[in-house]
Number of protein chains: 2
Amino acid sequence: MPSATPAKKPYAPRLPAAERREQLLDAAQRIALERGFHAVSVDGVAKACGVTRPVVYGVFEDRTAMLAALFARGEERALAGLARVFPAIPGPGDDVDPDDLLLQGITAYLQTVSADPDTWRIILVPPEGAPPELEQRVNAQRRVMLRTLRGLLDWGLPRRGGPPVDPDLFARAVFTLAEGAARLLLVDPERWRVEQFTDFTRTALAALGPGVRPPG
Amino acid sequence: MPSATPAKKPYAPRLPAAERREQLLDAAQRIALERGFHAVSVDGVAKACGVTRPVVYGVFEDRTAMLAALFARGEERALAGLARVFPAIPGPGDDVDPDDLLLQGITAYLQTVSADPDTWRIILVPPEGAPPELEQRVNAQRRVMLRTLRGLLDWGLPRRGGPPVDPDLFARAVFTLAEGAARLLLVDPERWRVEQFTDFTRTALAALGPGVRPPG
DNA sequence: CTGTGTTGCTACATGTATGTAGCAATGAGG
DNA sequence: CCTCATTGCTACATACATGTAGCAACACAG
């Protein structure tokens with residue numbers, strides 16, 4: 001019969017620093033998604049790993065550094081996925097339909113988001129209490145993506161003809177709608193499928209202006 | 001950072017409860033917009049009004065109630081402005097162009113937002129640290145607006161002809177784009193004008209499908 | 001001038017999270 | 001079996017915001 005008085009914590013399994021670090025970041029991300037960033041306390045993350053606070057401070061300078069590491073890891077993963085979304089601008093010899101290019105880009109984006117939902121939830125549906133650094137990092141990448149998209153549209157819009165839309169606003173609209181679709185996929189994955197959005201996009205593009213080039 | 005309230009140590013001007021309440025809410029909103037909701041502490045709000053904490057507790061039950069009051073006031077103001085945005089669904093006798101209806105609604109929405117930017121910044125660009133209750137209230141109103149918009153589109157889409165778009169997704173797309181435009185107006189009012197978005201919308205609508213009904 | 005209630009202030013008690021110092025357990029190598 | 005660097009734990013000190021109790025100043029009625 002164990003004496004109940006001391007109530008000492010049994011030793012948690014010992015891990016090398018690198019593994020512990022990943023485990024802590026996984027826990028921090030899970031807590032952030034489930035209960036918001038305010039719940040991502042050093043103590044909370046430690047407890048979630050069955051460990052105490054000093055262990056966390058052995059890996060990260062402080063709470064801010066821990067969150068920064070979480071964002072850095074997320075950014076890295078997101079950018080790795082995005083590499084396939086933006087195609088290179090086709091050269092003069094290439095025979096590419098601008099509408100197909102856009103449609104494939106959007107599809108690739110939505111599939112990328114669906115393939116790593118937790119990473120993208122942090123970015124596109126940030127949980128309560130997200131520190132300002134997160135929004136700054138995300139917005140910085142948004143600007144990069146928007147510029148890239150704008151470059152592709154500057155190539156594609158004159159080639160497909162169609163209405164004389166403001167290319168800047170058109171780029172922003174496409175971007176906003178793509179993120180909106182991604183949010184729906186992330187928030188209610190049971191209800192939405194990537195194809196619904198690609199179908200909608202295809203219909204909308206077909207209806208816009210002179211339409212898709214005739215095949216052949 | 002001007003403190004705007006010189007009287008610190010000596011007695012602050014005495015105010016009746018109702019006036020004090022408005023003053024405290026104004027201060028809370030200003031702090032939230034400038035430094036985020038985490039800076040909206042009972043102490044911070046009190047200091048901003050040149051007053052001490054117990055004065056705040058004399059008006060609001062606690063910090064949560066103070067924020068709830070701020071959100072309630074903002075919701076009230078926003079809904080008052082929105083009353084003019086959504087027109088009634090035209091009857092069989094009325095001769096209304098669906099595209100005009102949509103264009104006027106979007107214009108009215110963007111003008112409403114521009115007319116009371118601070119209220120709408122809380123809603124559309126919530127500062128850091130916003131409590132979950134805010135998002136819940138805003139999302140509840142979003143659902144109402146989306147349903148209303150959907151009703152109007154169910155009336156208008158068959159009347160204007162055009163591509164066979166999914167009406168639900170189309171309503172969401174319009175809503176998302178309108179909020180995106182409003183965000184641009186709020187975040188960078190120097191750069192953006194309502195007309196840029198109405199022009200864009202007009203061009204896009206004109207390009208979509210069979211186009212505007214011929215006049216006459 | 002002088003009561004008298006209202007409004008605001010000082011001071012305290014509490015709760016929660018951060019970050020640190022020093023001790024204890026573990027387990028691989030001799 | 002013993003050594004000892006590594007890893008984790010207990011306990012403390014600190015900071016900050018909340019919420020409360022009781023006192024002090026003001027303004028107006030008489």
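Numbers restart at 1 for each chain; the letters A, B, ... are given by sequence-line order, proteins then strands.
If you take NE2 of His38(A) and P of dG15(C), they are 19 Å apart, rounded to a whole angstrom. Arg20(B) has its CZ atom 17 Å from the P atom of dT6(C), to the nearest Å. Counting to the nearest Å, the P atom of dT18(C) and the NZ atom of Lys47(A) are 10 Å from each other.
Out of dT18(C), dA21(C), dA17(D), the shortest distance to the side chain of Asp43(A) is found at dT18(C).
Proximity of Glu133(A) to Leu67(A): side-chain heavy atoms (C-beta onward) are nowhere separated by under 4.5 Å. Between Trp120(A) and Ile123(A), some side-chain heavy-atom pair lies under the 4.5 Å cut-off.
Contacts of residues 55-69 of chain B with DNA chain D (heavy atom under 4.0 Å): Tyr57(B), Asp62(B), Arg63(B).
Contacts of Ser41(A) with the nucleic acid, taken as non-hydrogen atoms under 4.0 Å apart, involve only primed sugar atoms and P, OP1 or OP2.
Gln23(B) and Arg20(B) share a donor-acceptor pair across their side chains, judged by distance under 3.5 Å alone.
Taking 4.0 Å as the cut-off between side-chain N and carboxylate O, Arg73(A) and Asp26(A) count as a salt-bridged pair. Using a 4.0 Å cut-off between a side-chain N of Lys or Arg and a carboxylate O of Asp or Glu, Asp168(B) and Arg191(A) qualify as a salt bridge.
The shortest distance between the side-chain N/O atoms of Arg53(B) and the OP1/OP2 oxygens of dT20(D) is not below 4.0 Å.
Using bins of under 30°, 30° to 60° and over 60° for the plane-to-plane angle, the ring pair Phe37(B)/Phe71(B) lands in the perpendicular bin.
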